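Report on one structure; see the data block that follows.
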Amino acid sequence: MIDPRKFIQILKKNKINFFSGTPDSVLSNFLEVLKNEKNFYVAPHEGIAVSAGIGYNFATAKIPCVFMQNSGLGNILNPISSIAHKKIFKIPMIIIIGMRGYKGDEPQHLIQIKSTPKILKESDIEYFYLDTKTDLNKQINKAVNMTSNNKMPIAILIKKNSFDKIIKTKKIKLKSNIKKYSSYNDYVNTISNYVKKEDYVLSATGFLHRTVFYNREKFKTKNFFYNIGGMGHLSNIAYITALIKKKSNIFCLEGDGSFLMHLGSQLLVSKNKLRNFKYFLFNNNSHYSTGGQIQSNINNIDLKIFAKSIKLNYFKFDDSSKLNNFLQKNKKGNLFIELKCNNSHITNLPRPKLDQISFGK
Ligand SMILES: Cc1ncc(C[n+]2csc(CCOP(=O)(O)OP(=O)(O)O)c2C)c(N)n1
């Protein structure tokens, strides 16, 4: 295994001092150290991490480093092929990609792992796998030479368990970690009491869909959509469902990282007033399920004004009993409910398998 501190030291020795990316569980030990760097930016999605790197190179002519999961490959292709490519602005960049999808992983990851090397190759992005047994200096020098010579972003692919766990040195205090807030599990249990047989429950990538799956027997409905992948796309799926299934209530449960990933998609919601649409934002101000507590920076947004601007009625709760009181009295939709959550989850939360979940009718 590789000591992430050493990896970062060697990057810095090579004058790489700028890091932007979207969290990934394979990289969690690496990110646990990296997050203390001054120039560390959490991007809502991977394409934005690349454009941040492009901005850095534009302003300094230095090489940026981008980190991401292979699920986000689709998000980076546009800024790479349209801006950074060697036939366009020739931008050097090192992209560190955590590879999900080895045996036993979730179905969407099994697809992405097969296509990742092919897509990289077809997009002219050279890559190599980090080898935990080969000299680290040599490998990072190789990456720096490749990107400098090719004048093109290159990728280092990282397999699971490549980075050693480091005892946490500096803790970022998360307001959302305050114990007084309820957990995902408490809120999901509360919501389950207000879902009728004909209603729909759509839940997001991260710990939310797994928490709903874990509690599925408690709901009166069997109409579930689990957004196992496709992070950030859930609210649109839920919104169109609400438009069409007018006689049902649509409960959309999303984490803050997923909400931010394609924030612009929320604008679709503002097109119609939907009496049956209930959006629940589970705000723990972190990408909790990817192993660390990398902040999502959601608390920089005034969600009350945001919700109003997309024509939803905003409410905020920090405790599941307060949510319960509200749901008891308020049966209407057109809601944007922010739920302040603590970072805790049921241990060994199950991951739904495809034969356990269906898609629509
Ligand atoms: C396009 C894409 N990028 C990154 C990931 C990796 N990923 C899975 S869950 C997650 C964090 C989600 O954060 P949030 O919505 O706040 O939910 P939480 O983890 O706190 O439950 C990330 C980054 C992914 N699945 N897809």
Side-chain angles (χ1 to χ4, degrees), residues 20-28 30-31 35 41-50 66-78 95-101 105-113 115-116 119 158 160 174-177 181-185 187-188 202-214 226-235 238 252-263 265-266 279-299 301 303 338-346 349 351-352:
S20 61
T22 306
D24 162 49
S25 54
V26 173
L27 300 179
S28 62
F30 169 65
L31 297 180
K35 75 182 183 193
Y41 295 93
V42 181
H45 72 64
E46 296 77 2
I48 297 172
V50 166
V66 163
F67 57 87
M68 57 179 275
Q69 179 176 105
N70 54 344
S71 306
L73 191 58
N75 288 334
I76 69 168
L77 293 180
N78 175 244
I95 307 176
I96 296 177
I97 307 184
M99 297 292 280
R100 287 289 301 265
D105 207 338
E106 291 177 336
Q108 75 279 14
H109 292 302
L110 302 179
I111 293 165
Q112 185 76 60
I113 198 165
S115 57
T116 297
I119 294 172
I158 314 280
K160 203 174 164 184
L174 295 174
K175 278 193 186 150
S176 58
N177 240 344
Y181 297 152
S182 294
S183 64
Y184 275 23
N185 198 54
Y187 285 124
V188 166
L202 297 92
S203 51
T205 318
F207 276 141
L208 256 175
H209 77 275
R210 291 170 63 188
T211 308
V212 171
F213 181 70
Y214 177 78
Y226 299 99
N227 201 35
I228 51 175
M231 185 174 159
H233 290 289
L234 182 73
S235 58
C252 178
L253 281 55
E254 190 168 48
D256 46 282
S258 297
F259 166 76
L260 290 174
M261 186 164 262
H262 296 295
L263 192 60
S265 68
Q266 298 284 336
Y279 182 82
F280 295 84
L281 176 69
F282 285 65
N283 183 4
N284 55 11
N285 188 22
S286 65
H287 293 85
Y288 179 47
S289 61
T290 34
Q293 296 178 346
I294 306 287
Q295 281 175 296
S296 69
N297 297 330
I298 188 155
N299 293 339
I301 298 178
L303 290 168
E338 180 187 358
L339 301 173
K340 291 290 219 178
C341 302
N342 69 34
N343 272 343
S344 68
H345 68 283
I346 308 279
L349 262 183
R351 293 176 188 273

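Both ligands and their constituent atoms are indexed starting at 1 by order of listing. Since the model is a prediction, treat every value here as computed from it, not as a measurement.
- Residues Phe213 and Tyr226 place their aromatic rings such that the two centres sit under 6.0 Å apart.
- Checked against the 6.0 Å centroid threshold, Tyr288 and Phe207 count as a close aromatic pair.
- Closer than 4.0 angstrom to ligand 1 lie heavy atoms from Pro23, Glu46, Gln69, Ser71, Gly72, Asn75, Tyr184, Thr205, Gly206, Phe207, Met231, Gly255, Asp256, Gly257, Ser258, Met261, Asn284, Ser286, His287, Tyr288, Ser289, Thr290.
- Judged as a salt bridge (charged side-chain N to carboxylate O under 4.0 Å, His left out), and not counting sequence neighbours, the contacts of Arg100 are Asp105.
- Contacts of Ile111 classified as side chain to side chain contact (heavy atoms under 4.5 Å, CB included), with partners at least two apart in sequence or in another chain: none.
- Separation of atoms NZ (Lys340) and OG (Ser182) is listed at 13.0 Å; rounding is to 0.5 Å.
- Listed by chain and residue number, Gln69, His109 satisfy the side chain to side chain contact (heavy atoms under 4.5 Å, CB included) test with Ser71 (two or more places apart in sequence, or in another chain).
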